[in-house]
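Right, one structure below, let's go through it.
For clarity, every value in this text was computed on a predicted model and none was experimentally measured. Each chain gets a letter, A, B and so on, in the order its sequence line appears, and its residues count up from 1.
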Amino acid sequence: MELVIFDLETTGFSPRYHEIIQIAAVRMHHGKIKTKECFETFVRPKNPLPDEISELTGITYGDVCNAPEPSAALMAFSRFVGDATLVAHNGRCFDLPFVRECCLRHQLPMREVPFIDSLALSRLLWSSQRCHTMDAVIRRLRLSHEGLRRHDARGDVRILAEAVRHMWKRLGAPPDHCPVPLDVGHLPR
DNA sequence: GCTAGGCAGGAACCCCTCCTCCCCT
């Protein structure tokens, strides 16, 4: 099973009012993380970066001012994904709606892509726990994020890939059998 | 300064519905 673990940084929580400013992804093949097969791009927003977003993510105007426009960035991301299954943390309610809204806004034709929400892996693994944030998952798995910046998509996606690998293993699922039902997302064609 | 929305779990109630919280930047 070929997985592409991805993460977005945005200017806020609402796909309708906010914009994607960074996309990062890493490929996982048969349960092995391919650290050299990664995708990273900043995305140029139409509106100025809010100060609190720069503080949170470390992303500055200098990072995004000459970055690809959203449609070019998403098309490149879609080519990187290919026929793989997408994975994101809370992607069903956050990352995928942002991608879909961006496609609609830029009138990009879309294709369906299989998708796994790592939130579902966490809820299945620690069903008695209420908190399933990325930080909680990292803490429970005792993962180190030394040298990786949280809230930078490049750092988050590497931590998430490790987390997915561990949760998958702990759930006792073989690398080619997803332990939770597959969902569907959209990417530009 | 505002902004989403589907899910899980609990209360109240006997099987659903409603409510609140969660989760992402």
key: Integer-rounded Å distance: dC23(B) P and I138(A) CD1   = 13 Å
ask   = Is any NZ, NE, NH1 or NH2 atom of the basic residue among R92(A) and D183(A) found under 4.0 Å from an Asp or Glu carboxylate oxygen of the other?
value = yes
message = Tell me which one of D152(A), T10(A), D63(A), D7(A) satisfies side chain to side chain donor-acceptor pair (under 3.5 Å) with Q22(A).
response = D152(A)
remark   = Of dT25(B), dT3(B), dC23(B), the nucleotide closest to the side chain of H151(A) is dT25(B)
message = What is the separation between atom CG on L160(A) and atom C1' on dC23(B), rounded to the nearest whole Å?
response = 13 Å
inquiry  = Tell me the interatomic distance from W126(A), atom CH2, to dC23(B), atom C1', rounded to whole angstroms.
reply    = 16 Å
inquiry  = Without decimals, in angstroms, what is the distance between Q129(A) CD and dC21(B) P?
reply    = 19 Å
message = At 4.0 Å (heavy atoms only), tell me whether I53(A) reaches a base, stays on the sugar-phosphate, or touches nothing.
response = base
key: M134(A) side chain near L160(A) side chain, heavy-atom distance below 4.5 Å   = yes
ask   = Counting any heavy atom closer than 4.0 Å, what does D117(A) reach on the DNA or RNA strands: base, sugar-phosphate only, or nothing?
value = nothing
Please write out each protein N/O paired with an N/O of nucleotides 4-8 of chain B under 3.5 Å, distance rounded to 0.1 Å.
unit_1	atom_1	unit_2	atom_2	d
dG6(B)	O3'	R92(A)	NH2	3.0
dC7(B)	OP1	R92(A)	NH2	2.7

query = Has R27(A) got its NZ or CZ under 6.0 Å from the middle of the six-membered ring of F39(A), at an angle within 45 degrees of the ring axis?
reply = no
query = Heavy-atom distance under 4.5 Å between the side chains of W126(A) and M167(A), does that happen here?
reply = yes
query = Can you list the residues that meet the side-chain hydrogen bond (donor to acceptor under 3.5 Å, both in side chains) rule with S118(A), with sequence neighbours excluded?
reply = H89(A)
inquiry  = Expressed as a whole number of angstroms, how long is the span from I21(A):CD1 to dC24(B):C1'?
reply    = 13 Å
message = Could you write out DNA chain B as dot-bracket? Rules: Watson-Crick or G-U wobble, both distances under 3.5 Å, brackets [ ] for crossings, | for pairs with another strand, dot for unpaired.
response = ....((.((((.....)))).))..
remark   = Rounded to whole Å, CD of E52(A) lies from C1' of dT3(B) at a distance of 13 Å
request  = Identify whether any heavy atom of H89(A) sits under 4.0 Å from a base atom; if not, whether one sits that close to sugar-phosphate; answer base, sugar-phosphate or nothing.
outcome  = sugar-phosphate
inquiry  = A side-chain contact here means heavy atoms from C-beta on lying under 4.5 Å apart; do E40(A) and I23(A) qualify?
reply    = no
remark   = Closest non-hydrogen atoms of P188(A) and M75(A), given as atom of the first, atom of the second and distance, are CB-SD, 3.7 Å
query = What distance, rounded to whole Å, do you find between the two P atoms, one in dC16(B) and one in dC22(B)?
reply = 28 Å
ask   = Distance-only, no hydrogens or angles: does the R189(A) side chain make a donor-acceptor pair with backbone N or O of M110(A) under 3.5 Å?
value = yes
query = Which value, in whole Å, describes the distance between the C1' atoms of nucleotides dA12(B) and dG6(B)?
reply = 23 Å
request  = Please answer whether the main-chain N or O of F13(A) pairs with a side-chain N or O of H18(A) as donor and acceptor at a distance below 3.5 Å.
outcome  = yes
request  = Send over the distance from R150(A) CZ to dC24(B) C1', rounded to a whole Å.
outcome  = 10 Å
message = When the P atoms of dT17(B) and dC23(B) are compared, how many Å lie between them, rounded to an integer?
response = 26 Å
For atom NE2 of H132(A) and atom P of dC22(B), their distance in whole Å = 11 Å
key: Rounded distance in Å between the C1' positions of dC21(B) and dG1(B)   = 24 Å
